[in-house]
Amino acid sequence: MAIQTIQTTPIDGQRPGTSGLRKKVGVFQQAHYLENFVQSVFDTLGDLSGKTLVLGGDGRFHNRAAIRTILKMAAANGVARVLVGRGGILSTPAVSCVIRKYEAMGGIILSASHNPGGPDGDFGIKYNIGNGGPAPEAVTEAIYQRTTTITSYRISDAPDLDIDHGGRSYVEQMQVEVIDPVDDYAQLMEQLFDFDAIRKLFAGGFTMRFDAMHAVAGPYAKAIIEGRLGAPEGTVINCVPREDFGGGHPDPNPVNAAELIELMARDDAPDFGAASDGDADRNMIVGRKFDVTPSDSLAILAANAQVAPGYRGGIAGIARSMPTSRAADRVAAALGIPCYETPTGWKYFGTLLDAGLATLCGEESYGTGSNHVREKDGVWAVLFWLNLLAVKGQSVQQIVEEHWQRFGRNYYSRHDYEGIDAHAAKVLMDDLRVKLAAMQGVEMNHYTVDFADDFEYTDPVDGSKAAQQGIRIVMTDGSRIVYRLSGTGTEGATLRVYLERYEADPEQHHIPTQQALAALIAIADSVASIAYNTGRSNPTVIT
Ligand code: G16
């Protein structure tokens, strides 16, 4: 075995987005592409001697090849030890859990999350720091800067390692420990939730369907929900991770998880439905004939946190991304705790969680989590709901409707225009920015604009700043329209339009969502000239 230094030149476009570097598989397969990025990560981290790294991914196409390369590069860069999930498998929240448990310096996650996989699909890589969470902007920017000046990378010429069986081996001086992907995570879940109560729920005939969408949540959900909690076999479906996610789009929303939604709409539907995404950090919660929005899910878990043993002592605060509905704010106000509003991206929650300011966090994009790890966590959210259902003895619908009665309902929807021309998207956002100053007081469709701005954030813990995080038009009654460009897509641009309206009157809580938001939708279209700018008369996806 020998360590080789390979000459290379910078490759354009390696700036990480909302959550790491995501590109088409073909881009990652180009000579030196992955290596340049990984070497830039190692160069940014500095001295790696004596340090432990965690490594794993969601099992998508190119996962194994990337793991082989990264192990050889880690060894050549002086890393002391790598904990790698068996078969290269570790969900994003499991990486976070393992980093924290074994006090690793950080971890490398191979995933493009909810983006489709396979040879023509997407691949991604991101670095998580020692608190278990995504590297903050300052670190990802330093990595990017390094990719622009890189001239060589180091790699061992050792043969490929067997990662399909547990145990220890060596690459150069570096110890590699192949770990069970599920064990550490399952132990953590057992500490947080009342597994006895959930076991009794299933023993009493409660029925559930968890759609793992052929992605990495499968092994976790199967081992915990069927294995440890006694749900009947078949409760977890599509549970073997496949390199192409079975050809599907592993994004748990009512559009992409249509099979589950159809099942849950039947008279004989299970009591509870759930799904998660490619790397198991997102979740969708569904009742019988009843979808729960991610924003409501966050608010409901926060309002009922004391049902779970891990949160019995109360929660210190809630954090939500700016476009997420303000349902959680009402809960925070009732509990007398703060609610923090951050830019989109889980990385912005890290400092709040570390400082103990927030306990629960959530995003409209089907992400919910807490201070147990530093990533959003799909299986965690589903277990929290199971704990809640077990304690309350009510249906999903009853729990949500009772919540609305107490706090009011925040009607909420997101309209996505996917794969639009990147220049057209920029023009649309630039035009909106120009209009902002003149919008205050303007009346449209019975709404009056209270203020309009481009969201800026100053982290209350470390003072770091983020600008241009979404254009918001806020009405005098608190209704909102928010426009953002996605930071996770790999083709053209995706415009997201977020719509929210608050309704206190329980008599008005059962209007179909798109109808309840119709006036705001019309305003959103006309203010941004969406059809004109994008050439699209309808969104690609409505959630
Ligand atoms: C990532 C981030 C999330 C963010 C989501 C959507 O999720 O971790 O915090 O809400 O992207 O981002 P965008 O609207 O920019 O596409 P994931 O599940 O893809 O890692």
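These values consider heavy atoms only, across backbone and side chains, with no hydrogens, waters or symmetry-generated copies. Order of listing sets the numbers, starting from 1, for every ligand and every atom in it.
- With hydrogens and angles ignored, the 3.5 Å screen pairs a side-chain donor or acceptor of Lys435 with a backbone N or O of Val527.
- Using the six-membered ring where Trp is involved, Phe193 and Trp380 have ring planes that are tilted, between 30° and 60° apart.
- Ring geometry, Phe123 versus His62: the interplanar angle exceeds 60°, so the pair is classed perpendicular (tilted spans 30 to 60°).
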**side-chain contact (heavy atoms from CB on, under 4.5 Å) evaluation trace for Val497 with Ile481** = CA-CA 7 Å; Val497 183; Ile481 301 167; 4.1 Å; yes

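- Aromatic ring centres of Phe245 and His214: separated by at least 6.0 Å.
- Asp296 and His403 share no side-chain donor-acceptor pair at under 3.5 Å.
- Protein residues having a heavy atom under 4.0 Å from any atom of ligand 1 are Thr18, Ser19, Arg22, Ser113, His114, Asp277, Asp281, Arg282, Thr344, Gly345, Trp346, Glu363, Ser365, Lys376, Arg484, Ser486, Gly487, Thr488, Arg496, listed by chain and number.
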